[in-house]
There are 2 protein chains.
Amino acid sequence: MFRFQEKRFCYSVQPAYNRSKMTRSRVSMKDVAAAAGVSLTTVSDALNDRGRLPEATRRRVRDVAEQLGFQPHRTARSLAKGRSGILMLSVSLPESTPGSAVDIEFFVQLMSAASGAALHRGWALVLAPATGSERSVPVDFDGAIVVDPRPHDALLRLADAEGKPVVTVGRDLENPDRLHVDNDHSAAVREALDLMAKAGAERPALLTSEADSSYVQDCIDGYNVWCTTRAMTPQVVTAAGGLTQGAGYEAARDFLTGPKRPDAVFTTLDSLALGVHLAAQSLGLDMPHDLQVATLSDSEAARQARPPVTAVDLNPVATGKEAVQLLIKAIEDAADTESFLVPTRMHVRGSTGTASPEAVSD
Amino acid sequence: MFRFQEKRFCYSVQPAYNRSKMTRSRVSMKDVAAAAGVSLTTVSDALNDRGRLPEATRRRVRDVAEQLGFQPHRTARSLAKGRSGILMLSVSLPESTPGSAVDIEFFVQLMSAASGAALHRGWALVLAPATGSERSVPVDFDGAIVVDPRPHDALLRLADAEGKPVVTVGRDLENPDRLHVDNDHSAAVREALDLMAKAGAERPALLTSEADSSYVQDCIDGYNVWCTTRAMTPQVVTAAGGLTQGAGYEAARDFLTGPKRPDAVFTTLDSLALGVHLAAQSLGLDMPHDLQVATLSDSEAARQARPPVTAVDLNPVATGKEAVQLLIKAIEDAADTESFLVPTRMHVRGSTGTASPEAVSD
DNA sequence: CTGTTAGCGCTTTCAT
DNA sequence: ATGAAAGCGCTAACAG
């Protein structure tokens, strides 16, 4: 239950910008040219540092432009150059996941870092409409970043159709050679399993979401390789219900009360781990003694849980920056761009047993 | 401590889009006109539903366009119409706050909702560079949303300078009549104080961040009015160190060990409340018995804390949507736009004592 | 070293 | 009911 405020919800005011409505019409390059007594070309060259003008003219023109308060008209420039300066970014979650990508810390960090990196290099980044959304992209764009691509991602297909460069975060399973940024999830899983094994785990399980992303498959591969090496019987559980704590909880209630209960579990997302955490508590299992928990993707929630959850930091900030950098490179000259693997970090915390001496909790 | 992966960090692949490099050059309206045997004007009119063509021609032209796979060139349209279709959004945090706005759930929700609402209506939303950032905005925009405006917000000044409409979230204290979206924070504070008083609070304090935002001032006003009405001595504490849990913790350690320790505290942001929460626990104070805590702005962290924190949901999603709607209206016709107050919701949880019967925890 | 000119792809008067 | 033509503000050949 809740109560709404009883007060007025609306009232009226005058927009502030109305007051200075005598907006002097934009200063154009033509105006600058006239004022400086040169041609349009010269102004363009001076403003864009095209080195064919003597420093003197360049300076003079720039000064005039500054004094007139000239601001370049980006749209006109875009039209003339055939480049909009806009990058699109889409994150498509599995159908089954309620809520949106902003509920997942990894995506928020990545998105924010990507936007900042783009701006820093003079590009603008626009979030793409959720897949399946009514209309398509409302602006011209020069390239796209597709996070965790799924078979029929709208932005991916649109970019491909228009021949525009794409960088994916995580591999495009339908086209694995496509330019991408990724982590070595398989290695991360094996590292975490080693850690838990050292602390006594004998039956580690893997809890994943639906396996339609490359990172989930990599985790499964890494887990299977590890189990094979150790001659252990793998137990892979797929949580139904998307990337949520609830999905993790339901799955965990299930396998934690079944026969051959695992004594450790690695999850492919922090929200799943949090669900396992909750299930373990509700079953009266002690972490890490009765059950060790480790997960892919670090988050504030993983840090705040009691005990805090051991997690692999995927470095979404570096990932976002790198994706932007790669995409810009691909746009500017398709040559010499190569996919990139972002290093991960393991944060050992209370949800797993004590690890080897060099890996201490942060 | 942590360990980096030892593996290869990079390897090279061929960008996928290179393979289809024989990109058929965009289909333009001219092509459509030729194919349909009509003029450019007619195509334009048909495609934009300008009602001067008989339904027959309109259909025919549209069919041809569709068959040719025509996609409008947004940039060209923008140049001709003098409107870019782009909205800017900036969030400026207090100088003292480390990290970025994406660490604050309110902003993330607002931003995501705003972006979605813009897209839904055919506009694109671009995040503005952090204030004080090197270069200015890399695209032409038609209007701006400025969240929690501060005295010298770069985007605010830029928009004003170019005579572009602005909607602020929270009032612009230097120009209170400016179009905005806001909550009735003063009423929310009083409601929370009532709640805590009913549960026995006799010395409620107010913990705020630096008071340079309208919402902080509103909280202070509401608090003072409430105290005056009840003939209570107000105790307002300003946390140093920005909008962080650490800042809340430090401030709370201080006033919780001083003379006349408050038995309840209202904070102006969830991270501050979480800091108070931590301080109370470290001092062995029981919540809600020894200390009641309530805060502005609900969050996952407030819900997950033990005990969970009573919080005012500011409805950032509605706020973001409304801001976009208002801004578009202001861009399209400056008339009849009015500021808007978004209703809030109180979520009563374990950090405060039992409230009146109709306000039950969710 | 600098200017002239023709677009970029669309919208929009103004004719017919 | 439809078309011709002049831009929108900038870039980029191509001259000189």
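To find a chain, count down the sequence lines: A is the first, B the second, and so on, and within it residues start at 1. Any value given below was found using the heavy atoms of this structure, including those in side chains, with hydrogens, waters and symmetry copies removed.
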Whether [X] side chain and [Y] backbone form a donor-acceptor pair below 3.5 Å:
{"X": "B:R26", "Y": "B:Q71", "answer": "yes"}
{"X": "A:S115", "Y": "A:M111", "answer": "no"}
{"X": "B:T168", "Y": "B:P149", "answer": "no"}

### Check against side chain to side chain contact (heavy atoms under 4.5 Å, CB included), B:L93 and B:I104
CA-CA 10 Å; B:L93 297 180; B:I104 297 178; 4.2 Å; yes
### Task
Select from B:L79 and B:T42 the residue whose nearest nucleotide in DNA chain D is closer to the 5' end of that strand.
B:T42
### Angle of first-five versus last-five pair axes in the helix from C:dC1-D:dG16 to C:dT16-D:dA1, to 10 degrees
40°
### Task
Quick one, give me the B/S/- string for nucleotides 10-16 of chain C, reading 5' to 3', where B means a protein heavy atom under 4.0 Å from the base and S means that only happens at the primed atoms, P, OP1 or OP2.
BBB-B--
### Task
Using distance alone, with no hydrogens and no angle criterion, decide if B:R171 and B:S339 have a side-chain donor and acceptor under 3.5 Å apart.
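No donor-acceptor contact under 3.5 Å links the two side chains.
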#### Entry: Members of residues 54-68 of chain A that approach DNA chain C, where some heavy atom sits under 4.0 Å away
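Nucleic-acid contacts, sorted: A:P54, A:T57.
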### Query
Which distance, rounded to the nearest 0.5 Å, do you find between the CG of A:D142 and the CD of A:E162?
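So the gap between those two atoms works out to 11.0 Å.
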### Task
Verify the neighbour count for atom CD of A:E66: are there more than 12 heavy atoms of other residues, nucleotides or ligands below 6.0 Å?
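For A:E66, atom CD is not crowded (no more than 12 foreign heavy atoms under 6.0 Å).
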### Task
Might you confirm whether atom CZ of B:R50 has over 12 heavy atoms from other residues, nucleotides or ligands at distances under 6.0 Å?
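More than 12 heavy atoms, drawn from other residues, nucleotides or ligands, come within 6.0 Å of this atom.
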### Query
Taking C-beta and beyond as the side chain, do B:K321 and B:H120 meet within less than 4.5 Å on heavy atoms?
no
### Task
State which residues pass side chain to side chain contact (heavy atoms under 4.5 Å, CB included) with B:A35; sequence neighbours excluded, sorted by chain then number.
B:V64, B:L68
### Query
Contact boundaries of DNA chain D with chain B (under 4.0 Å, heavy atoms), 5' to 3'?
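Here the contact window of chain B covers D:dA1 to D:dG9.
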### Where at least one partner belongs to residues 75-90 of chain A, residue pairs that pass salt bridge (Lys or Arg N to Asp or Glu O under 4.0 Å), sequence neighbours excluded
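Salt bridge (Lys or Arg N to Asp or Glu O under 4.0 Å) check on residues 75-90 of chain A returns no pairs.
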### Message
One pair to check against side chain to side chain contact (heavy atoms under 4.5 Å, CB included): B:V324 and B:I145. What are the steps and the verdict?
### Response
CA-CA 8 Å; B:V324 164; B:I145 295 172; 3.8 Å; yes
